[in-house]
Amino acid sequence: MKTTYREALREAIRDAMRRDDRVFLMGEDVGSYGGCYAVSLGLLEEFGPERVRDTPLSESAFVGAGIGAALNGMRPIVEIMTVNFSLLALDQILNNAATLLHMSGGQFAVPVVIRMTTGAGRQLAAQHSHSLEGWYAHIPGLRVLAPATLEDARGMVWPALCDPDPVLIFEHNGLYNLAGELADDAGPVDITRAAVRRPGRDVTLITYGGSLTKTLAAADDLAAGGIEAEVVDLRTLRPLDSDTVLECVRKTHRAVVVDEGWRSGGLSAEIAARIGEEALYDLDAPVRRVCSAEVPIPYARHLEEAALPQTASIAAAAREVVRGG
Amino acid sequence: MKTTYREALREAIRDAMRRDDRVFLMGEDVGSYGGCYAVSLGLLEEFGPERVRDTPLSESAFVGAGIGAALNGMRPIVEIMTVNFSLLALDQILNNAATLLHMSGGQFAVPVVIRMTTGAGRQLAAQHSHSLEGWYAHIPGLRVLAPATLEDARGMVWPALCDPDPVLIFEHNGLYNLAGELADDAGPVDITRAAVRRPGRDVTLITYGGSLTKTLAAADDLAAGGIEAEVVDLRTLRPLDSDTVLECVRKTHRAVVVDEGWRSGGLSAEIAARIGEEALYDLDAPVRRVCSAEVPIPYARHLEEAALPQTASIAAAAREVVRGG
Amino acid sequence: MKEELELLRQMVRIRRFEERCAELYSSAQIRGFLHLYVGEEAVATGVLSELDPQDSVVSTYRDHGHALARGVPMDAVMAEMFGKVTGCSRGRGGSMHLFDASHRLFGGNAIVGGGLPIAAGLALGHLMRGEPRVVACFFGEGAAAEGEFHEVLNLSALWRLPVLFCCENNQYAMGTAFAKEHAAADLALRAGSYGLAAWSVDGMDVLAVKESARRAAEEIRAGGGPCLLELRTYRFRAHSMYDPERYRDKEEVAHWRDLDPIDRLRNAMRPEFTDDDLAALEAEVAAEIDLAVATAEAADVEPVADLTRFVTSEVTP
Amino acid sequence: MKEELELLRQMVRIRRFEERCAELYSSAQIRGFLHLYVGEEAVATGVLSELDPQDSVVSTYRDHGHALARGVPMDAVMAEMFGKVTGCSRGRGGSMHLFDASHRLFGGNAIVGGGLPIAAGLALGHLMRGEPRVVACFFGEGAAAEGEFHEVLNLSALWRLPVLFCCENNQYAMGTAFAKEHAAADLALRAGSYGLAAWSVDGMDVLAVKESARRAAEEIRAGGGPCLLELRTYRFRAHSMYDPERYRDKEEVAHWRDLDPIDRLRNAMRPEFTDDDLAALEAEVAAEIDLAVATAEAADVEPVADLTRFVTSEVTP
Ligand SMILES: Cc1ncc(C[n+]2csc(CCOP(=O)(O)OP(=O)(O)O)c2C)c(N)n1
Ligand SMILES: Cc1ncc(C[n+]2csc(CCOP(=O)(O)OP(=O)(O)O)c2C)c(N)n1
Ligand SMILES: [Mg+2]
Ligand SMILES: [Mg+2]
């Protein structure tokens with residue numbers, strides 16, 4: 001069937017709510033507004049205000065309430081409008097969601113799912129353009145997902161809800177309108193492994209989320225120039241599937257990490273560090289990183305474009321790595 | 001003169017407040033309580049409640065107020081009791097302090113200094129043992145300092161206040177009682193460069209803050225076994241002084257990064273990534289990282305000790321790197 | 001009459017400016033989020049008419065009205081919408097982040113509630129230097145549900161900070177109606193519980209707003225500590241350009257449109273202020289806007305090479 | 001009389017337990033932070049005596065009293081202080097993080113205010129399942145200055161969540177006196193502004209606390225939404241073991257010590273309850289504590305090899 005990333009997410013949530021009446025959705029404007037990115041449009045009508053809960057503008061309270069409800073047998077899906085506002089709930093996520101199981105000596109698991117939009121590219125300026133999923137991937141106790149395809153948008157919600165521990169799902173704002181074919185029986189997917197989205201032998205391009213499309217486009221460009229790039233979609237940012245990454249790099253001997261987050265101390269650093277630790281002698285060139293410029297993302301279109309990884313800069317980095325440029 | 005890290009910090013604050021009446025101190029219990037780690041003891045008596053301001057338990061409000069006061073010509077030193085509570089103020093730090101200058105096209109600089117205690121090691125359990133300075137070092141627009149010596153405790157506050165942009169100072173809880181000699185005329189230090197705290201030729205140990213002591217001890221152990229380890233104290237976590245790090249690694253050809261933060265996506269990853277990017281062909285062994293175990297830090301002493309980098313684990317990692325372990 | 005005329009001119013400037021912005025958005029010359037203030041003009045206009053140049057202003061993402069009423073030149077605001085280097089934030093901020101140091105406008109803040117602590121800090125600066133200043137801090141009734149509202153009101157009341165909290169209660173936070181946002185029915189009453197003077201004002205009546213702001217500013221300057229005005233108003237248009245407005249019905253919007261603050265003042269100015277006078281004013285405003293657009297279109301953008309400027313200051317410690 | 005006796009026993013258990021803990025801290029058998037509840041026993045004892053086993057409890061770092069009054073076995077609590085695997089949190093939590101699933105004690109939370117959203121969520125779970133339960137949420141008056149207090153009170157009142165907010169107003173947040181923390185003089189009054197029932201209680205009178213908790217719990221179970229009790233109390237000892245108490249004078253402490261909740265109840269129980277009865281009770285409690293210490297000392301610690309257990313659950317999705 002033809003669908004979009006947005007609809008696939010909606011279908012995943014709807015499906016989960018039908019399957020399990022402990023599941024409910026809560027967040028700012030998820031109800032009568034239909035969700036700020038229209039993901040939950042129609043769900044209020046189907047499930048009613050008890051299970052599709054509009055919250056006040058109180059990120060800490062409602063994210064914490066999701067944690068508490070999860071502790072008490074429910075299976076909440078909490079929507080934080082965007083990652084930019086999640087900072088206001090970060091204490092709850094780090095100090096409660098990610099910590100209670102361990103601190104309680106294994107007594108209290110927290111099966112909450114927290115979804116949020118991430119990323120730049122829509123000229124929303126510095127405070128609305130963060131890519132902080134790498135930060136969250138630093139926190140032990142969390143699983144961090146970044147669906148980049150229709151299959152993953154459709155398939156990650158249910159396994160996330162089945163995970164007894166907290167799961168964060170990052171949806172890149174540029175993906176909601178992604179359209180394409182999805183199998184009619186598309187269902188849950190594996191949320192533990194990275195995926196090779198394109199085979200290749202000359203260089204491994206490692207990315208996730210909103211940068212996947214650009215990276216695949218870069219691989220096409222490279223192919224036109226005779227470079228066969230392999231593209232790995234991390235999918236799960238924590239725990240990282242190092243095995244897949246390393247296996248690929250050991251084969252191609254070259255790697256470029258593409259991450260819309262800022263470079264210093266970002267997720268890209270972790271990937272590069274792991275490759276250096278585990279596959280140093282397999283490398284024919286230094287690992288390159290294509291990240292966002294280390295600036296608060298500016299509004300003006302040309303500046304924003306220059307600040308973010310783009311197909312051209314990805315391809316250029318890959319060429320350098322391959323040709324020793 | 002004999003002094004302690006705590007007293008050196010206090011002297012630095014006192015000195016700054018005497019020099020410049022735009023400087024004031026604000027935070028929870030900095031006044032009549034004397035500061036939760038007694039750093040500000042006596043300052044209330046000397047400067048009065050206008051300039052040594054006890055705040056309510058409202059991290060977001062008083063950190064934001066520090067930012068606002070800085071915008072309005074003051075030079076606030078804001079104390080957040082510990083990094084653990086700074087999450088409640090993170091939105092203010094990231095979205096305002098670090099962003100306003102850029103977002104305003106260069107009109108509004110934010111000369112605020114924010115000090116906080118960091119680190120584990122005192123059996124304070126998961127919610128009170130974070131080392132999140134690596135997170136802060138990810139944010140463009142901030143300068144992030146980690147004084148590890150008496151000289152730096154004494155000397156970093158004034159240049160931080162002179163910096164027109166926001167500066168975060170991380171004080172490891174294990175350092176406050178550090179005692180030793182400090183020159184009577186000790187004053188401001190350079191806050192842009194890393195320091196080589198011990199010369200060595202066989203391996204470079206790169207660390208900062210609370211891990212410096214352990215790392216120097218490990219270097220002593222290693223020396224007893226015939227390995228000459230060089231120890232680099234990063235001092236400034238953002239912007240990182242890559243030059244010093246790379247220069248050292250190019251000489252020793254081996255590196256171990258010691259960081260009390262969690263490994264995945266921590267500051268250690270950035271250091272390793274940069275070495276891999278810039279000095280790949282100089283490396284005789286993969287860069288090793290000695291970090292905290294990826295667990296919420298447990299209360300029980302033996303578990304906490306096992307979770308943190310220790311002299312023995314640092315030395316062991318260095319030996320492996322040198323001997324090909 | 002002179003005073004009324006100035007208020008009217010300001011409201012008309014804001015209204016027409018934003019109507020043009022909406023058109024420019026449709027033609028993709030303005031991008032990002034665009035939050036219109038249409039219907040709420042009396043609030044910015046009334047409050048800011050009582051401020052001095054040395055006072056300070058903190059705004060939100062819905063900031064065109066505040067910037068214009070504060071005196072930021074229209075062409076600098078328009079150029080900002082275009083992302084040009086001549087914009088009041090050099091094109092780096094866009095619609096949600098209008099800044100102007102020379103008018104002490106400390107920004108459009110796009111994190112709901114995020115400007116409140118800044119306002120408290122600005123006020124602390126004024127207070128510590130003993131200046132009789134006011135910091136006007138604008139925010140929505142939705143922001144009043146955020147923890148920062150509570151923290152800042154308490155801190156400000158405790159320290160008697162000279163902040164004029166201007167809660168623009170336009171009844172909705174995106175699609176969330178007041179009653180779904182707040183357990184308490186009366187925001188001013190709640191704010192008063194912190195021990196500060198707080199009252200509700202008809203935010204569709206610019207003269208009432210102005211008079212309240214005058215009283216509040218006077219009290220604040222005299223060292224009476226913060227005040228809060230709950231300005232009851234309404235946005236006639238969608239939350240932003242993306243909002244299909246499923247959450248409210250046309251009758252409600254129509255009801256509030258009948259209270260249009262511009263019509264109201266204009267009617268109060270009859271008969272001295274004639275239709276010809278109005279036409280002249282409109283023509284003047286239209287010319288100002290045309291010029292702002294033309295200048296903005298013609299202006300340069302910041303060179304890409306300067307992308308990393310202003311991340312830190314251009315002097316080193 | 002039976003009821004009073006039970007309340008007295010509970011308060012004495014908490015008092016003596018903590019006195020022993022202070023000694024064990026001095027001899028370095030307990031480490032980390034240790035926050036004593038001495039003086040405040042009537043609060044936990046009175047409130048929790050009105051809760052059912054299926055109700056839920058959320059506490060702070062000052063949680064020994066809550067855990068013991070909730071029925072967590074003393075040896076599990078003591079073992080936790082020792083960091084032993086037999087501790088109620090397997091030694092991973094320590095003094096500040098007492099958990100017990102079988103008693104629905106959802107922890108000691110060491111972030112001031114951090115437990116409040118959790119309590120709201122637990123209550124939401126009860127509400128959505130239609131269970132007539134109460135979530136007792138303890139926190140200090142200092143916590144009431146945090147943004148989360150505001151957010152959670154509003155949310156709870158809005159959604160009529162079955163939370164019993166128990167604000168332990170012991171007059172200080174570390175060294176910060178109430179009047180330096182809050183602009184408003186009356187916390188209960190402020191809390192009431194959210195549209196929930198809130199009142200102050202003499203927190204040194206366990207019977208008054210119990211009676212208030214009974215009324216509140218009844219109302220909450222009946223679907224009346226949240227209540228807040230401001231329990232006026234005092235900690236006789238320092239904030240934690242590190243606190244030199246520079247911020248208050250001896251007379252004030254002495255004044256409150258005269259209101260000791262244990263003495264007060266004991267006096268009210270005269271003459272039926274004799275000195276011999278008291279001695280017997282004390283002996284019983286002492287024996288319980290001795291046993292708890294001995295068991296804790298003898299218990300094993302978690303093997304280091306298990307360090308990374310419980311970071312995630314031991315089943316995979
Ligand atoms: C902390 C935070 N949460 C959510 C948002 C998304 N958002 C932007 S505006 C808005 C509504 C705010 O309503 P209100 O404060 O009443 O102001 P209004 O838009 O009505 O002027 C929301 C939810 C945000 N920008 N920041
Ligand atoms: C968010 C946060 N800020 C600061 C602290 C440090 N701290 C621990 S207890 C405490 C005082 C809290 O006072 P109150 O809420 O009145 O509780 P009490 O200790 O009096 O029981 C402070 C400031 C913390 N744990 N969490
Ligand atoms: Mg509104
Ligand atoms: Mg207290």
Side-chain angles (χ1 to χ4, degrees), chain A residues 60 84-85 87-88 90-96 98-103 105 125-127 130 132 134-141 237-240 257 261-281 283 285-289 293-296 298-299, chain B residues 60 84-85 87-88 90-96 98-103 105 125-127 130 132 134-141 237-240 257 261-281 283 285-289 293-296 298-299:
Chain A
S60 197
N84 310 288
F85 320 140
L87 301 179
L88 296 168
L90 186 51
D91 173 64
Q92 287 297 321
I93 297 174
L94 171 53
N95 279 318
N96 288 335
T99 309
L100 285 170
L101 179 69
H102 193 259
M103 240 170 23
Q127 296 181 331
H130 293 300
L132 296 172
W135 263 9
Y136 286 99
H138 181 54
I139 306 177
L237 309 186
R238 184 180 186 95
L240 273 173
V257 188
W262 292 307
R263 172 190 309 252
S264 294
L267 190 69
S268 65
E270 181 60 28
I271 310 284
R274 290 202 187 182
I275 295 172
E277 278 163 352
E278 305 290 333
L280 184 71
Y281 303 111
L283 284 177
V287 176
R288 281 288 310 262
R289 294 186 276 167
E294 303 211 13
V295 301
Y299 162 70
Chain B
S60 198
N84 310 287
F85 320 139
L87 301 179
L88 296 168
L90 186 49
D91 173 63
Q92 287 297 322
I93 297 174
L94 171 53
N95 278 319
N96 287 336
T99 309
L100 285 171
L101 179 69
H102 193 260
M103 240 170 23
Q127 295 180 332
H130 293 300
L132 296 173
W135 262 9
Y136 286 98
H138 181 55
I139 306 177
L237 309 185
R238 182 178 189 96
L240 274 172
V257 189
W262 293 307
R263 173 188 309 253
S264 295
L267 190 68
S268 65
E270 181 60 28
I271 310 283
R274 289 201 188 183
I275 296 173
E277 278 163 351
E278 304 291 335
L280 184 71
Y281 302 113
L283 284 178
V287 177
R288 282 288 311 262
R289 292 186 277 167
E294 303 211 13
V295 301
Y299 162 70

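Just so you know, these numbers use all the heavy atoms, side chains as well, and skip hydrogens, waters and symmetry mates. Chain A is the first sequence line, chain B the second, and so forth, proteins listed ahead of strands; every chain is numbered from 1. It should be emphasised that the depicted structure is a prediction, and the values quoted were computed from it without experimental measurement.
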Novice: Does any backbone or side-chain atom of B:Arg263 lie under 4.5 Å from a heavy atom of chain A? Answer side chain, backbone, both or neither.
Specialist: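 Both parts, backbone and side chain.
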Novice: Using a 4.5 angstrom heavy-atom cutoff, name the option from B:Ile139, B:Val295, B:Leu267, B:Leu94 with the most pairs to chain A.
Specialist: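 Option with the greatest count: B:Leu94.
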Novice: Is chain A contacted by the side chain of B:Phe85, its backbone, both, or neither, given a heavy-atom distance below 4.5 Å?
Specialist: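 Neither the backbone nor the side chain of B:Phe85 comes within 4.5 Å of chain A.
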Novice: Flag the one option from A:Glu277, A:Glu270, A:Glu278, A:Gln127 with the top tally of heavy-atom pairs under 4.5 Å to chain B.
Specialist: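 Ranked by contacts with chain B, first place is A:Glu270.
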Novice: Let's test your reading of the structure: which of A:Ala272, A:Pro140, A:Ala285 forms the most heavy-atom pairs below 4.5 Å with chain B?
Specialist: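 Greatest number of close heavy-atom pairs with chain B: A:Pro140.
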Novice: Tell me which of these, A:Ala126, A:Pro298, A:Ser264, has more heavy-atom pairs under 4.5 Å with chain B than the rest.
Specialist: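 Among the listed options, the one with the most contacts to chain B is A:Ser264.
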Novice: Heavy-atom distances under 4.5 Å only: say whether B:Leu283 touches chain A with side chain, backbone, both or neither.
Specialist: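 Answer is side chain: those atoms of B:Leu283 sit under 4.5 Å from chain A.
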Novice: Is chain A contacted by the side chain of B:Leu87, its backbone, both, or neither, given a heavy-atom distance below 4.5 Å?
Specialist: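 For B:Leu87, heavy atoms of backbone and side chain both lie under 4.5 Å from chain A.
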Novice: So for B:Ala293, is it side chain, backbone, both, or neither that comes closer than 4.5 Å to the heavy atoms of chain A?
Specialist: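 Nothing of B:Ala293, per the 4.5 Å heavy-atom cut-off to chain A.
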Novice: If we define contacts as heavy-atom pairs under 4.5 Å, which of A:Arg289, A:Arg274, A:Met103 has the most with chain B?
Specialist: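 Going by pairs under 4.5 Å, I would pick A:Arg289.
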Novice: Over 60° means perpendicular and under 30° means parallel, so classify the ring planes of A:Trp135 and B:His138, tilted if in between.
Specialist: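 Because their plane-to-plane angle lies in the 30° to 60° range, the rings of B:His138 and A:Trp135 count as tilted.
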Novice: Side chain, backbone, both or neither: which part of A:Tyr281 has a non-hydrogen atom closer than 4.5 Å to chain B?
Specialist: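 The side chain, not the backbone.
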Novice: Given a strict heavy-atom distance threshold of 4.5 Å, which part of A:Leu240 is in contact with chain B: side chain, backbone, both, or neither?
Specialist: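 No part of it gets close to chain B.
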Novice: I'd like to verify something: which residue of A:Ala273, A:Ala137, A:Pro286 has the highest number of heavy-atom pairs under 4.5 Å with chain B?
Specialist: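 If we count pairs closer than 4.5 Å to chain B, A:Pro286 comes out on top.
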Novice: Is there a side-chain contact between A:Leu280 and B:Leu280 in this structure, where contact means two heavy atoms from C-beta onward sitting under 4.5 Å apart?
Specialist: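 Of all side-chain heavy-atom pairs linking B:Leu280 with A:Leu280, at least one is under 4.5 Å.
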Novice: Shortest non-hydrogen contact from B:Leu90 to A:Leu90?
Specialist: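 Closest approach of B:Leu90 to A:Leu90: CD2-CD2, 3.2 Å.
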Novice: On a heavy-atom basis, which atom in B:Ala98 and which in A:Pro296 lie closest, and how many Å separate them?
Specialist: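 The pair with the smallest heavy-atom distance is O-CG, 4.0 Å.
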